Amino acid sequence: MRLLWIQLALGLFQADLAVKQEIDSNPDFDTEQSLLGGRVRLKKLHNHGMAGGRLKGHMPAIIRGSGIMTLGCIGLFLKTLWKEGHGLQKFGYALLTGGALSNLYDRCRKGYVVDYVRFQTPWKWLNRLVFNLSDFFILAGAILICLGHTDNS
C-alpha cells in the first residue's frame, strides 16, 4: 500500500508537468481565456519568483529554500507511510509532495514556474495572484494533513 501513495505523488507530479507543458507551449494561452462567465481566467505567466512574484531575481535562494522544504515534506511523507492508518495525512502528503516537486522541477529546469489560473473575486489581493495545478495540490495537501492530524491525535 505504501507504494500506491508514492505512485500517487509521482503521478500528480507528472500530470502537473504535462498541464504546464501544454500551457507553456500553446500560443492560445498567451492571451487570456475566460471561463465560467469570467470568474476563472487562464493565461500563461512565467513566475520568476515565489508566490505573487516575490523575491523575483533571487532564483538560487528560492531553489535552495524550496528544495529544503520539499525534502522536509518528503521526509514527513515517508515517516507517515510507515504508520498504520493515517490515510488522510498520507493522501495530503501525496498531494503536497507531488505539487512541491513539480514547482521545484520548474524552478530548477526552467528558472521559472508556469502559472496560468487567475480568479475574479471581490478581493483585489486574490485577483492579482496566478496559480497552477501544483499550487492547488499543495493547498489541498496541507489542509488534509492538518485535518488528518486532528483525527489521529
Side-chain angles (χ1 to χ4, degrees), residues 1-33 35-36 39-82 86-121 125-149:
M1 188 67 176
R2 290 180 192 112
L3 184 58
L4 289 176
W5 292 113
I6 293 169
Q7 289 173 325
L8 175 60
L10 294 176
L12 294 169
F13 165 74
Q14 290 176 319
D16 184 60
L17 286 181
V19 171
K20 287 178 185 173
Q21 176 62 34
E22 178 62 27
I23 296 288
D24 210 18
S25 64
N26 189 333
D28 290 343
F29 293 106
D30 291 343
T31 57
E32 191 169 83
Q33 313 288 320
L35 302 171
L36 301 174
R39 288 186 290 255
V40 177
R41 298 175 182 187
L42 302 178
K43 183 181 178 187
K44 173 180 27 182
L45 172 80
H46 292 169
N47 184 348
H48 294 272
M50 293 175 46
R54 289 180 179 82
L55 295 178
K56 184 177 178 180
H58 299 282
M59 192 54 68
I62 293 169
I63 289 171
R64 281 192 300 277
S66 296
I68 290 167
M69 292 180 72
T70 300
L71 284 174
C73 290
I74 291 170
L76 291 170
F77 182 30
L78 293 174
K79 181 180 175 184
T80 304
L81 289 178
W82 290 101
H86 297 269
L88 207 53
Q89 283 183 307
K90 291 173 184 175
F91 185 41
Y93 277 117
L95 287 165
L96 183 65
T97 300
L101 283 172
S102 181
N103 280 344
L104 181 61
Y105 177 87
D106 265 5
R107 287 186 175 105
C108 292
R109 179 90 169 137
K110 299 177 180 177
Y112 58 86
V113 174
V114 178
D115 290 327
Y116 49 88
V117 177
R118 182 186 309 249
F119 298 99
Q120 186 63 38
T121 72
W125 65 270
L126 183 58
N127 296 343
R128 289 189 295 260
L129 297 177
V130 185
F131 304 93
N132 61 42
L133 195 54
S134 282
D135 298 330
F136 300 126
F137 291 162
I138 291 166
L139 176 62
I143 291 169
L144 291 176
I145 291 165
C146 291
L147 290 175
H149 182 70

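Computed from a predicted structure; not experimentally measured.
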Response to the item:
d(Leu81 CG, Trp5 CH2) to nearest 0.5 Å is 8.5 Å

Worksheet item: If you measure from OG on Ser66 to CG on Leu101, what distance do you get to the nearest 0.5 Å?
Response: 11.0 Å

Discussion item. Main chain of His48, side chain of Lys56: is a donor-acceptor contact present, judged purely on distance under 3.5 Å?
Written reply: no

Item to complete: Could you tell me whether a side-chain N or O of Asn47 sits under 3.5 Å from a main-chain N or O of Met50, the two making a donor and an acceptor?
Response: yes

Worksheet item: To the nearest 0.5 Å, how far apart are CG in Leu96 and CD in Gln89?
Response: 12.0 Å

Worksheet entry | Ser102 (side chain) donor-acceptor with Gly98 (main chain) under 3.5 angstrom | no

Worksheet entry | Residues Tyr112 and Asp24: side-chain donor-acceptor under 3.5 angstrom | yes

Worksheet item: For atom CZ of Phe91, is the number of surrounding heavy atoms from other residues, nucleotides or ligands below 6.0 Å larger than 12?
Response: no

Worksheet item: Does some side-chain heavy atom of Asn103 sit less than 4.5 Å from a side-chain heavy atom of Asn132?
Response: yes

Discussion item. Side chains of Leu8 and Leu95, heavy atoms from C-beta outward: is any pair under 4.5 Å?
Written reply: no

Fill in: Note, Val19 side chain near Tyr116 side chain (heavy atom, < 4.5 Å)
yes

Practice prompt. Kindly indicate whether the side chain of Lys20, heavy atoms from C-beta on, has any atom under 4.5 Å from the side chain of Val113.
Written response: yes

Fill in: Val117 side chain reached by Phe136 side chain, heavy atoms, under 4.5 Å
yes

Worksheet item: Is a side-chain N or O of Gln33 found less than 3.5 angstrom from the main chain of Asp28, in a donor-acceptor match?
Response: yes

Worksheet item: Is a side-chain donor or acceptor of Tyr93 paired with a backbone partner of Leu78 at a separation under 3.5 angstrom?
Response: no

